[in-house]
Amino acid sequence: GFNFNLFCFSKKTIWENMEENFIIPLHKEDIEISSSGNFYVQNITEITKLSHDEIDEIISDLQLKLEQNDVLEFCVDHECFDLLYSITREFELLSSATKQKYVEI
């Protein structure tokens, strides 16, 4: 994969304190595979098993967390990143209203 230059961000200390390397994978599925020392999706939420209301609630919670935290910290937090990834993975199955709400994040 392509090793993303994490130090180009102004919040350099966040990346310096990460215990994992963030590598942009060549194939989207590769981010789901545990690799020694590399950032990966630890928990995939089965979005297709949730109701539209539950998905909307998750998106609202993510929006609130994003507003309350630094965007870089938000993105490297596994709980947030993994949920964003899970929703993105099933994006085409979302309702139009839910897609719009998600895109606004």
Side-chain angles (χ1 to χ4, degrees):
F2 175 76
N3 192 346
F4 192 68
N5 183 0
L6 302 175
F7 297 105
C8 66
F9 293 99
S10 61
K11 298 290 186 179
K12 188 174 177 180
T13 55
I14 294 168
W15 301 110
E16 289 174 338
N17 293 326
M18 279 185 67
E19 295 177 13
E20 301 163 306
N21 297 312
F22 189 88
I23 308 244
I24 297 174
L26 292 176
H27 302 65
K28 63 181 180 178
E29 298 82 14
D30 291 348
I31 200 160
E32 298 176 13
I33 301 169
S34 172
S35 178
S36 179
N38 291 335
F39 190 88
Y40 68 98
V41 176
Q42 294 178 349
N43 183 29
I44 297 173
T45 302
E46 295 295 329
I47 297 300
T48 57
K49 295 182 180 178
L50 301 176
S51 71
H52 290 291
D53 288 341
E54 289 171 316
I55 296 169
D56 284 345
E57 184 177 336
I58 289 171
I59 292 171
S60 294
D61 289 346
L62 287 170
Q63 180 69 38
L64 183 61
K65 285 181 183 182
L66 179 59
E67 291 169 0
Q68 294 175 343
N69 296 291
D70 181 277
V71 68
L72 295 177
E73 290 179 40
F74 173 85
C75 289
V76 297
D77 174 71
H78 275 284
E79 179 184 355
C80 296
F81 184 89
D82 293 1
L83 281 170
L84 288 169
Y85 176 81
S86 297
I87 295 169
T88 302
R89 195 170 168 234
E90 304 295 342
F91 186 78
E92 75 249 5
L93 302 176
L94 301 176
S95 70
S96 294
T98 302
K99 284 180 183 178
Q100 182 60 39
K101 190 173 183 181
Y102 182 66
V103 168
E104 290 172 2
I105 291 179

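Please read these numbers as outputs of a predicted model, since none were measured by experiment.
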| field | Contacts of Glu54 that satisfy salt bridge (Lys or Arg N to Asp or Glu O under 4.0 Å) - sequence neighbours left out | value |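 Salt bridge (Lys or Arg N to Asp or Glu O under 4.0 Å) check on Glu54 returns nothing, list empty.
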
| query | So does Glu57 have more than 12 non-hydrogen atoms from other groups sitting under 6.0 Å from CD? | reply |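 Check fails, neighbour count at 12 or below.
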
Measure across [X] and [Y] and return the closest heavy-atom pair with its distance rounded to 0.1 Å.
| X | Y | answer |
| --- | --- | --- |
| Thr45 | Ser86 | N-OG, 2.8 Å |
| Gln42 | Asp82 | N-OD2, 3.0 Å |
| Lys99 | Glu92 | NZ-O, 3.7 Å |
| Cys80 | Leu62 | CA-CD2, 3.9 Å |

| What distance do Tyr40 atom OH and Ile33 atom CD1 have between them, rounded to the nearest 0.5 Å? |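 Taking OH in Tyr40 and CD1 in Ile33, the distance rounds to 11.5 Å.
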
| said: Just verifying a value: how many Å separate Ile59 CD1 and Glu104 CD, rounded to the nearest 0.5 Å? | reply: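 Result: 10.0 Å between the selected atoms.
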
| What about Phe91 and Ile47, same hydrophobic cluster or not, with Ile/Leu/Val/Met/Phe/Trp/Tyr joined at side-chain heavy-atom distances under 4.5 Å? |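 Phe91 clusters together with Ile47.
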
| query | In the single-linkage hydrophobic clustering (I, L, V, M, F, W, Y; side-chain heavy atoms under 4.5 Å), do Ile105 and Leu64 co-cluster? | reply |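 No; Leu64 is not reachable from Ile105 via cluster members.
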
| said: Has Tyr102 got a side-chain atom pairing as donor or acceptor with Leu84's backbone, closer than 3.5 angstrom? | reply: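 The answer is yes, because a donor-acceptor pair under 3.5 Å joins these two groups.
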
| message | Among Ile87, Leu93, Asp56, exactly one meets side chain to side chain contact (heavy atoms under 4.5 Å, CB included) together with Thr98. Which residue is that? | response |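 Considering Ile87, Leu93, Asp56, a side chain to side chain contact (heavy atoms under 4.5 Å, CB included) with Thr98 is found only for Asp56.
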
| message | So, using ring pair (Phe, Tyr, Trp, His ring centres under 6.0 Å) as the criterion, who are the partners of Phe81 when residues are at least two apart? | response |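 Result, ring pair (Phe, Tyr, Trp, His ring centres under 6.0 Å) vs Phe81: Phe39.
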
| For residues 26-39, which residue pairs qualify under salt bridge (Lys or Arg N to Asp or Glu O under 4.0 Å), counting only residues two or more places apart or in two chains? |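 Pairs touching residues 26-39 that pass the test: Glu32-Arg89.
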
| Is there side-chain contact between Leu83 and Asp61, with at least one heavy-atom pair below 4.5 Å? |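 No, every pair of side-chain atoms sits at 4.5 Å or beyond.
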
